[in-house]
Amino acid sequence: MNMLFDYKRNSWIWLITLFCLLLGMLLAAALKTQENIRTNTNIPTSHFSGLAQALLDEKETTKALRARVTNLLEQNRKYETAISTGDSNFGVLSKELSKAKFLAGLTSVEGEGVEVTLKDSGQKVPNDMDPQLMGQYIIHDQDLRNVVNELLANGAEAISIKDQSNNQRVVGITSIRCVSGVILVNRVAMGPPFTICAIGPKDLLEGALKMDNGLIQIFRVIPNLNKKMIQVRKVDNIAIPAYSESVSLRYAREARTGGNR
Amino acid sequence: MVVLVPLIAMIVGFIAVYHTKLAVPMGFASYLSLATLSGLDAVIGGIRAGLENKFKADIFLSGFLVNTLLAVALAYLGDLIDVQLYLAAVVAIGGRVFLNLSLIRRYWLTQASLAKKDA
């Protein structure tokens, strides 16, 4: 090796050495900064593939947490039952409480009602289709809102929206909206086919949807569109889950003055 | 083994900084990486010039400082006007690093074959 560096012309090596020292320091600083970014933000990597993995992991975590919420709600309900059976004073209160929780959608319920199924038409969109009408081939958040509204207007007491992996209770603070191709119900991402379960007077509910100029009849304006995009079915017993997203009020608090009573 | 001295110096510098509680603001992270790349370029360019007996201290020093500052300034300008000029610096400097590395490799291979003939 020494023959590669003739000793007489070796002075440059020392300058290089000095800058190698500097380079090592720069390298360490750069590496440390990147590490800081990763540890402080909990973002495991800046590579796309790594981020994709992280996203999947987060989804798993979310699933587990959601199951835990359901569990805790169930546990809470058990405690409340225990209290109500233990003391008669509590009994009255807990009856009030359970009524309030029922109205708020915090308990799972069952009873007769209807099931409304909504799915994309699955048909090929003709090439000469008016662009304005192309949206008619798929189910939109608007469709879900219309059905829910119609059911509530006709006496539905509990409603949930179900897809292949979620079953979301519709409560007072439920939002149904579309964000870049995904429908969010209670801020949970869902996709077609949807089943809207409603407990209530099943004949009335079915009739309201199927009546002349009712929701099903005016559902889509294109003729020959798959009639199975919206279907309604009476059911003798439907189970509807409790609202399982977190319930925390940050802005509203109980009014002390008693309002305008 | 003179060739090992710069390498050892680099490791010493690395360890010295890595074990401090240095905290560069995260916004500067990409500039720091660019400066590191530029430093690597200067060192490898210097080695190549040294092997070719063309090494001049003033060129090396000014090259290191000016190239690093220019690369960072260009990247900063790119960030200001939302053009990824950062990439231009990375491609230009990275390309030169590879070129110089291959020239160093050729030089060593030539020397090795010459040594074999002599023997």
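Residue numbers begin at 1 in each chain, while the letters A, B, ... track the order of the sequences.
For residues 62-95 of chain B, a heavy-atom distance under 4.5 Å to chain A picks out B/F64, given by residue number. Below 4.5 Å, heavy atoms of chain A meet heavy atoms from B/A9, B/M10, B/V12, B/G13, B/F14, B/V17, B/Y18, B/T20, all part of residues 8-20 of chain B.
The distance from atom CG of B/L37 to atom CG of A/L26, rounded to the nearest 0.5 Å, is 11.0 Å. A distance of 5.0 Å separates CG in B/L32 from OG1 in A/T33, rounded to the nearest 0.5 Å. Within the model, atoms SG of A/C20 and CG of B/L40 stand 8.5 Å from one another, a figure rounded to the nearest 0.5 Å. The structure places CG of B/L61 at 5.0 Å from CG of A/L15, a figure rounded to the nearest 0.5 Å.
The two atoms that bring A/A30 and B/T36 nearest to each other are CB-OG1, 3.6 Å, heavy atoms only. Between B/I47 and A/I16, the shortest heavy-atom contact is N-CD1, 3.6 Å.
Applying the 6.0 Å contact sphere to CZ of A/R145 captures more than 12 heavy atoms from other residues, nucleotides or ligands.
Interface residue A/L22: only side-chain heavy atoms are found under 4.5 Å from chain B. There is no contact between B/F28 and chain A, counting heavy-atom distances below 4.5 Å.
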